[in-house]
Visitor: 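Questions regarding the structure given below will be posed in turn.
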Amino acid sequence: MTQHASPPRDSADTLVPAGRTPAWRGLWARADVRTLSLLGVLAALVVIGGVTRPDEFLDTRNLQLVLTQASVIGVVTVGMTFVITSGGIDLSVGAIVALASVWATTVATQEYGFGGILFTAVLVGLGCGLVNGLLIAYGGMVPFIATLAMLASARGLALQITDGRTQIVTVDGVLSLGERDSYVLGVPPLVLVFALVTVLGWLVLNRTTFGRRTVAVGGNAEAARLAGIDVRRQRLYLYLLSGLCCGIAAFLLIVLSGSGQNTNGNLYELDAIAAAIIGGTLLSGGRGTVTGSVLGVLIFTTITNIFALNNLQSDVQQIAKGAIIVAAVLVQRRTASTT
């Protein structure tokens with residue numbers, strides 16, 4: 001008896017008509033196009049910087065500076081990517097970075113040395129993330145309102161702790177991480193931490209059950225609940241993750257600046273959201289990409305560096321960022337309408 005070949009199946013093991021491209025391949029192709037587009041934009045910016053300021057922009061020290069500056073906001077953006085992918089938002093990340101940085105640089109904390117500063121920064125970040133998560137997941141508050149309240153509270157507490165003054169770090173072990181002697185093969189330690197967080201974030205989002213649950217909650221929370229996912233607990237974990245990233249970023253900022261200030265992390269929430277959006281993470285949830293978010297951070301940091309080297313005013317820089325965000329959102333809408 002002659003056997004007929006079975007029709008191809010997609011990743012969900014559902015029948016796919018002959019001659020039709022499986023849905024997952026189409027998604028992969030679009031993701032690949034987005035990544036290549038972002039790499040193209042970044043390459044164009046490097047060319048522009050090299051043409052306008054060849055001696056300064058392409059200098060090794062300047063490139064190291066760009067990567068170092070991208071590291072702090074980059075770590076925050078990785079956490080933000082998870083939150084947005086789940087359909088949430090976190091407006092408090094900048095304020096949490098500020099609070100963690102000043103709490104970790106008080107005189108009492110610095111008496112415990114390197115470990116005391118790192119532990120405090122991470123603990124404060126986790127604490128703020130826990131409050132956000134409880135209010136949103138179990139308190140039923142809208143993420144926008146809950147994190148906005150945290151933004152105001154954390155900023156106020158940071159100001160109260162510092163009394164408006166800069167807290168100078170005196171721990172040699174922390175300060176030495178920002179010196180060139182601590183670079184590994186020419187790479188600053190802060191960049192290595194950023195790379196590690198990025199790799200771990202990518203693995204968690206794309207290769208673990210936690211990542212799949214995050215996408216499911218963002219795509220359709222009710223369907224995820226019916227499928228057996230504890231949506232409230234998942235959201236709590238996500239805001240804890242965001243707080244953890246803020247704590248790590250606060251420590252990196254302490255190393256970079258050698259101080260703690262209540263003004264630290266100003267507008268980080270907007271930069272992180274913008275980087276995630278232009279990277280391809282849907283603001284409505286259900287799709288996220290750590291790789292795209294990191295490329296978005298590098299694009300914005302490179303723009304800032306080019307504008308600074310060419311002595312261009314900050315208002316022009318903000319206009320350029322705004323135009324990029326609008327263009328990215330329009331591309332997302334067009335992509336969504338064709339799926």
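Predicted model only: the values in this text are computed from it and were never measured. Index from 1, following the sequence.
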Visitor: Treating Ile, Leu, Val, Met, Phe, Trp and Tyr as nodes and any side-chain heavy-atom pair under 4.5 angstrom as an edge, say whether Ile145 and Leu134 lie in one connected cluster.
Guide: yes
Visitor: Compare all side-chain heavy atoms of Val193 with those of Ser71 and state whether any distance is below 4.5 angstrom.
Guide: no
Visitor: Where do Ala216 and Ile229 come nearest, in terms of heavy atoms and distance?
Guide: CB-CD1, 3.9 Å
Visitor: As a quick check of understanding, evaluate side chain to side chain contact (heavy atoms under 4.5 Å, CB included) for Leu190 and Gln64, giving each step before the final call.
Guide: CA-CA 10 Å; Leu190 274 66; Gln64 290 172 335; over 6 Å; no
Visitor: Can you tell me how far the OG1 atom of Thr281 sits from the CZ atom of Arg287, to the nearest 0.5 Å?
Guide: 8.0 Å
Visitor: Could you grab the distance from atom SG of Cys245 to atom CG of Asp90, nearest 0.5 Å is fine?
Guide: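 Separation between the atoms: 10.5 Å.
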Visitor: How close do Val76 and Ala272 get, counting heavy atoms only, and between which atoms?
Guide: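 Closest heavy-atom pair between Val76 and Ala272: CG1-CB, 4.1 Å.
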Visitor: Can you find a heavy atom in the side chain of Val93 that is under 4.5 Å from one in the side chain of Val97?
Guide: no
Visitor: Is there a side-chain contact between Leu238 and Phe210, using heavy atoms and a 4.5 Å cut-off?
Guide: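 Yes. Closest side-chain heavy atoms under 4.5 Å.
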Visitor: Are any of the side-chain heavy atoms of Val290 and Val199 separated by less than 4.5 Å?
Guide: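 Side-chain contact under 4.5 Å: no.
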Visitor: Is Met150 linked to Val124 within one hydrophobic cluster, defined over Ile, Leu, Val, Met, Phe, Trp and Tyr using a side-chain heavy-atom separation of less than 4.5 Å?
Guide: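 No; Val124 is not reachable from Met150 via cluster members.
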Visitor: Is there a donor-acceptor contact under 3.5 Å from the side chain of Gln110 to the main chain of Thr170?
Guide: yes
Visitor: Between the side chains of Arg165 and Asp163, is the shortest nitrogen-to-carboxylate-oxygen separation below 4.0 Å, so that they form an ion pair?
Guide: yes
Visitor: Run the numbers on Leu283 and Ile89 for side chain to side chain contact (heavy atoms under 4.5 Å, CB included), then give the verdict.
Guide: CA-CA 8 Å; Leu283 192 57; Ile89 198 73; 4.2 Å; yes
Visitor: Count I, L, V, M, F, W, Y as connected when their side-chain heavy atoms are under 4.5 Å apart, and connections chain through other members. Are Leu267 and Leu252 then in the same cluster?
Guide: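 No, no single cluster joins them.
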Visitor: Please report the shortest heavy-atom distance between Ser101 and Gln261, naming the atom on each side.
Guide: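 Smallest heavy-atom distance, with atoms named: OG-O, 3.7 Å.
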Visitor: Can you tell me if Asn132 and Ser92 form a side-chain donor-acceptor pair at under 3.5 Å?
Guide: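 Looking only at side-chain atoms, Ser92 and Asn132 do form a donor-acceptor pair, the distance falling under 3.5 Å.
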Visitor: What do the steps show when you test Val231 against Arg225 for side chain to side chain contact (heavy atoms under 4.5 Å, CB included), and what is the final call?
Guide: CA-CA 6 Å; Val231 175; Arg225 185 188 67 81; 3.9 Å; yes
Visitor: Under the criterion side chain to side chain donor-acceptor pair (under 3.5 Å), I'd like the reasoning laid out for Thr214 against Gln234: C-alpha separation, chi angles, the key distance, then a yes or no.
Guide: CA-CA 7 Å; Thr214 300; Gln234 184 70 17; 3.0 Å; yes
Visitor: Taking all non-hydrogen atoms of both residues, which atom of Leu91 and which atom of Leu151 are closest, and how far apart?
Guide: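 That would be O-CD1, 2.9 Å.
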Visitor: Just verifying a value: how many Å separate Ile254 CD1 and Ile117 CD1, rounded to the nearest 0.5 Å?
Guide: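 With rounding to 0.5 Å, CD1 (Ile254) is 6.0 Å from CD1 (Ile117).
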Visitor: Does atom OH (Tyr183) have a neighbourhood of more than 12 heavy atoms from anything else shown, all under 6.0 Å?
Guide: yes
Visitor: Please check this pair: side chain of Ser176 against backbone of Gly173, looking for a donor-acceptor N/O pair closer than 3.5 Å.
Guide: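 Side chain of Ser176 to backbone of Gly173: a pair is present.
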Visitor: Quick one: does Leu200's side chain get under 4.5 Å of Leu196's, heavy atoms only?
Guide: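 Contact flag for Leu200/Leu196 side chains = yes.
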Visitor: Using only atom types and a distance under 3.5 Å, with no angle test, would you say the side chain of Arg53 pairs donor to acceptor with the backbone of Ile306?
Guide: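 Looks like no, no N/O pair under 3.5 Å.
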Visitor: Does the Ser86 side chain pair with the main chain of Val83, one donor and one acceptor, at a distance under 3.5 Å?
Guide: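 Checked: pair present.
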Visitor: Looking at side-chain heavy atoms only, is the closest gap between Leu241 and Tyr237 below 4.5 Å?
Guide: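 No. Closest side-chain heavy atoms not under 4.5 Å.
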Visitor: Verify, without hydrogens or angle tests, whether Thr120 (side chain) and Ala104 (backbone) share a donor-acceptor contact under 3.5 angstrom.
Guide: no
Visitor: Would you say that Trp202 contacts Thr291 through its side chain, given a criterion of any heavy-atom pair below 4.5 Å between the two side chains?
Guide: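 A side-chain contact under 4.5 Å exists here.
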Visitor: Donor-acceptor pair, distance only, cut-off 3.5 Å: does the side chain of Thr109 make one with the backbone of Thr105?
Guide: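 No; zero donor-acceptor contacts below 3.5 Å.
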Visitor: Measure across Thr68 and Val191 and return the closest heavy-atom pair with its distance rounded to 0.1 Å.
Guide: N-CG2, 3.8 Å
Visitor: For a 4.5 angstrom cut-off between non-hydrogen side-chain atoms, does Thr52 reach Phe57?
Guide: no
Visitor: Please check if the number of heavy atoms outside Phe114 that lie under 6.0 Å from its CZ is greater than 12.
Guide: yes
Visitor: Main chain of Gly211, side chain of Thr208: is a donor-acceptor contact present, judged purely on distance under 3.5 Å?
Guide: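 Checked: pair present.
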Visitor: Less than 3.5 Å apart, any donor N or O on the side chain of Ser259 or Thr166 sitting next to an acceptor on the other?
Guide: no
Visitor: Just verifying a value: how many Å separate Arg232 CZ and Leu236 CG, rounded to the nearest 0.5 Å?
Guide: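 Those atoms lie 10.5 Å apart.
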Visitor: For the pair Ser182 (side chain) and Leu177 (backbone), establish whether a donor and an acceptor sit closer than 3.5 Å, ignoring hydrogens and angles.
Guide: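 Side chain of Ser182 to backbone of Leu177, a donor-acceptor pair under 3.5 Å: yes, one is there.
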Visitor: Tell me whether Val204 is reachable from Met80 by hopping between hydrophobic residues (I, L, V, M, F, W, Y) whose side-chain heavy atoms are closer than 4.5 Å.
Guide: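 Met80 clusters together with Val204.
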Visitor: Counting only heavy atoms not in Arg180 (residues, nucleotides, ligands), do more than 12 fall under 6.0 Å from its CZ?
Guide: yes
Visitor: What is the distance from atom CD1 of Ile248 to atom CG of Leu253, rounded to the nearest 0.5 Å?
Guide: 13.5 Å
Visitor: In Å and rounded to the nearest 0.5 Å, what is the CZ to CD1 distance from Phe144 to Ile136?
Guide: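 With rounding to 0.5 Å, CZ (Phe144) is 12.0 Å from CD1 (Ile136).
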Visitor: Begin from the C-alpha positions of Thr77 and Val294 and carry the test side chain to side chain contact (heavy atoms under 4.5 Å, CB included) through to its verdict.
Guide: CA-CA 7 Å; Thr77 303; Val294 169; over 6 Å; no
Visitor: For a quick test of reading the model, state the closest non-hydrogen atom pair linking Val102 to Gly260 and the distance between them.
Guide: CG1-C, 3.9 Å
Visitor: Do Thr106 and Gln167 have side-chain atoms, one donor and one acceptor, less than 3.5 Å apart?
Guide: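 No pair is found: no donor N or O on one side chain lies under 3.5 Å from an acceptor on the other.
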Visitor: Has the side chain of Asn262 got a donor or acceptor atom that lies under 3.5 Å from a matching backbone atom of Gly164?
Guide: no
Visitor: May I ask whether Leu38 and Leu67 are part of the same hydrophobic cluster, defined by side-chain heavy atoms of I, L, V, M, F, W, Y residues being less than 4.5 angstrom apart, directly or through others?
Guide: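 Shared cluster, yes.
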Visitor: Any sub-3.5 Å donor-acceptor pair from Thr304's side-chain atoms to Phe300's backbone N or O?
Guide: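 Such a contact is found between Thr304 side chain and Phe300 backbone.
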